[in-house]
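A short write-up of the structure that comes next.
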Amino acid sequence: MIRTHDAGSLRAADAGTTVTLAGWVARRRDHGGVIFVDLRDASGVVQVVFREEMELAHALRNEFCVKVTGVVERRPEGNDNPELPTGQVEVNVSVLEILSEAAPLPLPVDDHVDAGDDIRLKYRYLDLRRSGPARAIRLRSRASQIARTVLHDREFVEIETPTLTRSTPEGARDFLVPVRLQPGTWYALPQSPQLFKQLLMVGGMERYYQIARCYRDEDFRADRQPEFTQLDIEMSFVTQDDVIELGEAIVGALWRELAGHEITGPIPRITWLDAMARYGSDKPDLRYGVELTELTGYLRGTEFRVFAGAIDAGGYVGAVVMPGGAAQTRKELDGWQDWAKARGARGLAYVVLDAETGEPRGPVAKNLSEAHLAGLADAVGAKPGDAIFFAAATDRREAQEMLGAARVEIARRAGLVDEDAWAFCWVVDAPMFEPADPTGWTAVHHPFTSPNSEWLDSFEQAPDRALAYAYDIVCNGNEIGGGSVRIHRADVQRRVFDLLGITPEEASDKFGFLLEAFKYGPPPHAGIAFGWDRVCMLLAGADSIREVIAFPKTRGGYDPLTSAPTPITPQQRAEAGVDAKPKAPTQAAAAEKPGTAGVAAPVEHSN
RNA sequence: GGUCCUGUGGAGCAGUCGGAGUGCUCGCCGCCCUGUCAAGGCGGAGGUCGCGGGUUCAAGUCCCGUCAGGACCGCCA
C-alpha cells in the first residue's frame with residue numbers, strides 16, 4: 001500500500017506515530033509561514049500541516065492527488081476542531097509528493113454547493129468525491145450486503161439469469177439487441193427475470209435470489225430509469241404468508257441497520273380495495289390520515305349535475321378533507337383548480353367550512369340542497385375551518401385516484417408529513433384482471449399470478465372482482481416491492497389464458513418453454529421483487545433514484561458522461577443486421593399474426 | 001405525446017417597470033500573511049445572458065420557435 005493509515009481514522013491516541021497518507025487536497029489554507037491542508041481519502045478528512053516543503057505545498061490546489069509523510073500530533077491547545085472526527089490531531093508533514101495534479105474544477109468538490117444535475121452527471125467522478133453522493137453509493141453496497149446475509153442465512157441460492165433473452169410478458173416496451181449471427185432477429189433485454197426464476201423453481205433450486213439488472217423502454221421519472229435493479233426472489237413450497245415474512249425480515253434488517261429504525265411487529269396489511277377506498281391509491285402513504293369518504297349514497301338525489309351524473313351512471317362521488325383548508329386564500333383555492341387541470345381533470349370541486357360558524361361556502365355549496373349541506377361536515381368528518389374537496393366519476397377508480405392524489409397534495413401543502421417517520425404496509429388481495437382497451441381483460445400483475453383460494457375455481461364468473469395472491473410492500477407512499485403466488489397448475493394457467501384471450505398457439509409461441517417446463521412436476525411457488533433503487537433511495541433519504549445509481553442517465557435517456565447513446569457506423573449497422581428483412585412468413589399460422597407474435601422467420605442475407 | 005419550472009463568466013445565484021454586461025458568494029491567476037479549518041487581506045483575468053427569429057429608438061428582461069436539464073400527467077411492476 002502507498003499509505004500506512006487512513007486519513008479519517010486518526011485519533012488523539014495516534015499522537016507520536018509517523019504515518020504516510022494518500023488522498024486528495026480538499027482545501028488549502030495558506031498562511032505564508034504555515035500551510036494547512038485538509039487531506040481527504042475514502043475514510044474521511046484530516047488536517048495536515050506544512051512547515052517544510054513550503055514551495056511545493058504552496059503550489060497545491062484543490063483535488064491534487066498527494067502523498068504525505070509526517071508525525072501525528074495532538075493539536076495545540078484551543079485549536080481542536082469539534083466538527084471533525086479527526087479534529088483533535090493533525091499531521092506534521094515532512095515529505096510531500098504530488099501524485100497527480102488537478103486542472104481547475106468544472107464542478108466544485110464541495111459539500112456546500114449543489115450543482116445542476118447535468119453538470120453533476122457529466123463529471124460524476126468529481127461529484128462522487130463529495131461526501132453526500134459518496135455516502136449514498138456506499139449505503140447501497142451495504143444494503144445489498146445486508147439483504148444477501150438475510151437470504152444466505154435462509155439457504156437462498158444466488159443465481160444469474162441471462163440479460164440477452166426473449167421478451168418477458170410484462171407490459172413495458174422492450175429494449176432490443178440485434179443479433180449478428182442471425183440477421184433480422186433480436187434479443188430483448190429482460191424487464192425482469194420472471195420466467196427464468198420460475199424455471200429455476202421447476203429446476204428444484206427451491207430458494208433463488210438475484211440482484212438483477214432490468215430494462216424497460218419507458219419514460220423517466222424521479223424514481224424510474226430505463227435500466228434499474230431488482231432484488232429478485234422466488235421460493236418453492238411456500239404461501240403468500242411465507243413470502244411476506246421473508247420480505248419483512250429483509251426490510252426489517254435494512255431499516256434497523258441503515259436507518260436506525262426498528263420495525264416492531266408485523267407490517268400492517270391492507271387489502272387493495274380498502275387502500276383504494278380509504279387512500280385512493282394502491283401505494284398509500286400512511287404517515288398521515290386524511291382518509292377519503294365515499295358520498296355516493298349520501299348525495300344520492302342531488303341536483304348538482306356533476307355529482308348526479310356520476311351517481312346515476314353507477315359511478316362514485318367522494319371527498320377528502322383538508323384540515324384548516326378554509327384559511328386558504330382565493331389564489332390558493334384557484335391553485336387547486338390548476339393542480340387538478342394539470343392532472344387532466346376539469347377542476348376540483350370544493351366546499352369550505354367557515355372557521356367561526358362552520359357554515360359551508362364556495363361555488364359547490366350553492367348547488368347542494370340544505371339537507372345535504374347540513375349533514376356534510378359530519379358525513380366527511382370535517383370541522384369548522386376545514387376545506388372539503390370532491391371528486392366524481394362514472395369510473396370508481398378514476399375518482400378515487402383523483403382524491404388519492406389530492407390527499408397527497410393536501411398533506412404536502414398543509415405540512416402533515418412527518419419527514420422522520422417510516423410507515424410501511426402490505427397491500428394485498430390485488431385484483432387479477434382489469435378491463436382491456438376495446439374488450440376483454442388484461443392481467444393486472446402478469447398472467448402467471450395465481451387467483452387466491454376463494455377465486456381459484458370461479459374467476460371467470462366475475463373477472464372484475466376476482467382477487468389474486470398478489471402483494472406489494474409500500475413505504476411512505478412508495479411501492480418498494482411486489483410479488484405474487486404463481487400458477488403452477490396447467491389447468492388454471494389455461495383458464496387464465498382463455499380469459500385473457502391468449503390462444504394456445506399464442507401462449508405456446510410466447511412462453512411455450514415455460515409451459516413445457518410446467519409439464520414436469522412444477523412445485524407451488526411464489527416470489528417477490530424489491531425495487532432496489534427505490535429502497536436505497538429511501539434509506540439514503542434521497543429524492544431521486546439517480547442519487548443511489550453510480551452513473552445514471554438524464555431524463556432523455558442520455559448519459560452526459562459518455563454521451564451515450566451514439567449513432568453507429570454503417571459497418572456496425574450492416575454487421576448487426578439491423579436492416580435485415582425477414583422473409584415473408586410461409587406458414588399460414590404465422591401469417592395470421594404479424595409482428596412480434598410470429599415465429600422467428602428465416603431472413604434474406606442481402607450482403 | 002401533454003402541462004409546468006429552470007437556463008446569466010468555471011460553479012451556485014441576484015438582476016426592479018424594457019434603458020450601457022450591472023451585482024453577490026465560491027473557484028481561477030498573482031502578491032502578502034506562522035494556527036487556520038467554508039482562513040484572511042490586496043490586485044487581476046474570465047460573458048454570444050442556451051440557440052434562432054420577432055416587437056421596440058432600446059431586449060438578459062416582452063412575444064414566437066427551438067435545444068438542454070428538472071417535476072408531474074399519459075406510459076410504466
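Naming convention: chains lettered A, B, ... in sequence-line order (proteins, then strands); numbering from 1 in each chain. All values derive from a computational prediction rather than experimental measurement.
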* Asked: Could you state the CG-C1' distance from A:L561 to B:rG69, rounded to the nearest angstrom?
  -> 16 Å
* For A:D127 and B:rG12, give me the distance from atom CG to atom P, rounded to whole Å. => 12 Å
* OP1 or OP2 of B:rA39 under 4.0 Å from side-chain N/O of A:R27 -> yes
* Would you mind reading off the distance between A:M54 atom CE and B:rC31 atom P, rounded to a whole angstrom? => 14 Å
* Does one side chain, of A:S192 or A:Q230, offer a donor that lies under 3.5 Å from an acceptor on the other? -> no
* Base, sugar-phosphate alone, or nothing: which one does A:I35 contact when heavy atoms must sit under 4.0 Å apart? -> nothing
* Pick base, sugar-phosphate or nothing for A:D232, based on heavy-atom distances below 4.0 Å to the nucleic acid. => nothing
* Structure fact -> When both distances are under 3.5 Å in a Watson-Crick or G-U wobble arrangement, the nucleotide paired with B:rU36 is none
* Asked: Rounded to whole angstrom units, what separation is found between the CZ atom of A:R120 and the C1' atom of B:rG10?
  -> 17 Å
* To do: Just compare B:rG12, B:rC73, B:rU36 and give me whichever is closest to any side-chain atom of A:R343.
  => B:rC73
* To do: Give one of base, sugar-phosphate or nothing for A:E401, where a contact means two heavy atoms less than 4.0 Å apart.
  => nothing
* Contact check, side chains of A:R407 and A:Y288, non-hydrogen atoms, under 4.5 Å -> yes
* Quantified in whole Å, what is the C1' atom distance between nucleotide B:rU61 and nucleotide B:rG15? -> 9 Å
* Opposite nucleotide pairing with B:rC76, Watson-Crick or G-U, both atom distances under 3.5 Å -> none
* Asked: Does a side chain donor of either A:S43 or A:D41 reach within less than 3.5 Å of an acceptor in the other side chain?
  -> yes
* Asked: Rounded to whole angstrom units, what separation is found between the CG atom of A:L105 and the P atom of B:rC28?
  -> 8 Å
* Which nucleotide, in any strand shown, forms a Watson-Crick or G-U wobble pair with B:rC62, with both distances under 3.5 Å? -> B:rG54
* Centroid distance under 5.5 Å and plane angle under 30°, A:H112 vs B:rA38 -> yes
* Test item: A:E332 side-chain N/O and A:T329 main-chain N/O as donor-acceptor pair under 3.5 Å -> yes
* Take the protein atom CG of A:N478 and the nucleotide atom P of B:rC76, then report the distance between them rounded to whole Å. => 20 Å
* **Residue-phosphate contact under 4.0 Å: A:R61 side-chain N/O, B:rC29 OP1/OP2** => yes
* To do: Verify, without hydrogens or angle tests, whether A:K197 (side chain) and A:Y209 (backbone) share a donor-acceptor contact under 3.5 angstrom.
  => no
* Given the C1' atoms of B:rC49 and B:rG23, what is the spacing between them in whole Å? -> 14 Å
* Closest to side chain of A:R555, choosing from B:rG70, B:rC37, B:rA77 -> B:rG70
* Let me know the distance between CZ of A:F175 and C1' of B:rC76, rounded to the nearest Å. => 12 Å
* Classify the nucleic acid contact of A:P106 as base, sugar-phosphate or nothing, counting any heavy atom under 4.0 Å across all strands shown. => sugar-phosphate
* Asked: Quick check, are the ring centers of A:Y350 and A:W336 under 6.0 angstrom apart?
  -> no
* **Opposite nucleotide pairing with B:rC31, Watson-Crick or G-U, both atom distances under 3.5 Å** => B:rG41
* Structure fact -> The nucleotide from B:rC72, B:rA68, B:rG10 with an atom nearest the side chain of A:D118 is B:rA68
* Asked: Can a donor-acceptor pair be found between the side chains of A:Y279 and A:D285 at a distance below 3.5 Å?
  -> no
* To do: Could you tell me whether the side chain of A:D30 has a donor or acceptor atom within less than 3.5 Å of a complementary atom in the base of B:rA39?
  => no
* For B:rG7, what is the paired nucleotide under Watson-Crick or G-U wobble rules, both distances under 3.5 Å? -> B:rC67
* Write down the distance separating the P atoms in B:rG43 and B:rA58, rounded off to the nearest Å. => 39 Å
* To do: Between A:N62 and A:R534, name the one whose nearest nucleotide on RNA chain B is closer to the 5' end.
  => A:N62
* Asked: Between B:rU36, B:rG69, B:rA38, which nucleotide has the shortest distance from any of its atoms to the side chain of A:N81?
  -> B:rA38
* Would you classify A:Q230 as touching base, sugar-phosphate or nothing, given that sugar-phosphate means primed atoms plus P, OP1 and OP2, and contacts are heavy atoms under 4.0 Å? => sugar-phosphate
* Asked: Between the main-chain N or O of A:Q88 and the side-chain N or O of A:R74, is there a donor-acceptor pair closer than 3.5 Å?
  -> yes
* Asked: Would you say A:R546 reaches B:rA71's phosphate, i.e. side-chain N/O to OP1/OP2 under 4.0 Å?
  -> yes
* Asked: Is there a side-chain polar atom (N or O) of A:R221 under 4.0 Å from OP1 or OP2 of B:rC73?
  -> yes
* **Of A:I119 and A:R29, the one whose closest RNA chain B nucleotide lies more 5'** => A:I119
* Structure fact -> Pairing partner of B:rG23, by Watson-Crick or G-U wobble and under 3.5 Å for both distances, is B:rC13
* Asked: If we require ring centres under 5.5 Å and near-parallel planes under 30°, does A:H31 stack on B:rA39?
  -> yes
* What interatomic distance, in whole Å, is found between P of B:rU25 and the corresponding atom of B:rC42? -> 11 Å
* Asked: Say you pick atom P in B:rG7 and the same atom in B:rU16; how far apart are they, in whole Å?
  -> 12 Å
* **Span that lies between the P atom of B:rU6 and that of B:rG50, in whole angstrom** => 13 Å
* Asked: Does A:D533 use its side chain to pair, donor to acceptor, with the backbone of A:F228 at less than 3.5 Å?
  -> no
* Hey, does A:D217 reach any base, or is it just sugar-phosphate, or nothing, if we go heavy atoms under 4.0 Å? -> nothing
* Do A:R224 and B:rC76 have a side chain to base donor-acceptor pair shorter than 3.5 Å? -> yes
* To do: Would you mind classifying the nucleic acid contact of A:G116 as base, sugar-phosphate or nothing, using non-hydrogen atoms under 4.0 angstrom?
  => sugar-phosphate
* Asked: Is any side-chain nitrogen or oxygen of A:T554 closer than 4.0 Å to OP1 or OP2 of B:rG69?
  -> yes
* **Spacing of A:F36 atom CZ relative to B:rA38 atom C1', expressed in whole Å** => 15 Å
* What interatomic distance, in whole Å, is found between P of B:rC73 and the corresponding atom of B:rU55? -> 41 Å
* Asked: How far does the P atom of B:rA38 sit from the matching atom of B:rC24, given to the nearest Å?
  -> 23 Å
